[in-house]
Each structure stands twice: as C-alpha cells, then as structure tokens.
Amino acid sequence: IADNFDIPYFTEEEIFERIVEEGMMQGIAGEEAYHSLVDEVIDDMLRMGELDEDQNIESHLIHLKARFTEFERRSQE
C-alpha cells in the first residue's frame, strides 16, 4: 500500500482562480452570491478530494470571502 497518496495541495491563490473562473461562467454579481460561490467551490473541492478537512478550510473561507472586491474587479476585466 502506497502511503504517499497525498491530496494535491491547492494554494489559496489557486482556489481563488477557480472561484473567479466559476463566478464568471455563472455570471455571479453581488457579495452575497460571491460568498455562496466560495462555499460551493470549497465544498466541491472537498467532495472531489481536492482539498482535505485538515487544510484549515475555515481560514481559507474567511480569506477568500474577504476578496470580493478583487473578484469583482477581475470579473469585469
């Protein structure tokens, strides 16, 4: 049994990029919708095994949700 079946490590930046892409595809507008999108992307990544509960998900959620203005700017480019 291989014991280095490590979960791929995604940086917060990579997760944010995914949120921006997904948000643009879904036409997300408004902070509330953005916050729901952050939850959705994180949940999907957890379900797909791309993130691990041990990776301080709460901290990621707080940081990512705080980036709404950056998301807004990026999605208007």
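Fair warning: this is a prediction, and the values are worked out from it, not measured in the lab. Count residues from 1 along the sequence.
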Just list the side-chain donor-acceptor pairs under 3.5 Å for residues 13-20, sequence neighbours left out, or say none.
unit_1, atom_1, unit_2, atom_2, d
E13, OE1, R67, NH1, 3.3
E13, OE1, R67, NH2, 3.1
E13, OE2, R67, NH2, 3.1
E14, OE1, T11, N, 2.8
E14, OE1, T11, OG1, 3.4
E17, OE1, R74, NH2, 2.7
E17, OE2, R74, NH1, 3.1
E17, OE2, R74, NH2, 3.4
R18, NH1, E50, OE1, 2.6

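- Contact annotation: the side chain of E58 approaches that of L61 to within less than 4.5 Å [non-hydrogen atoms, C-beta and beyond].
- Using a 4.5 Å heavy-atom threshold, the side chains of M25 and E22 count as touching.
- Put simply, F68 and I62 are part of two different groups of oily side chains (I, L, V, M, F, W, Y) that touch within less than 4.5 Å, one to the next.
- Between L64 and I42, some side-chain heavy-atom pair lies under the 4.5 Å cut-off.
- Side-chain contact between I28 and F71: present, with at least one pair of heavy atoms (C-beta onward) separated by less than 4.5 Å.
- With contacts defined as side-chain heavy-atom distances shorter than 4.5 Å, the pair H60/N56 does not qualify.
- We find the CG-CG distance between D44 and L51 to be 10.5 Å, quoted to the nearest 0.5 Å.
- Across every non-hydrogen atom of M24 and S75, the tightest pair is CG-CB, 3.7 Å.
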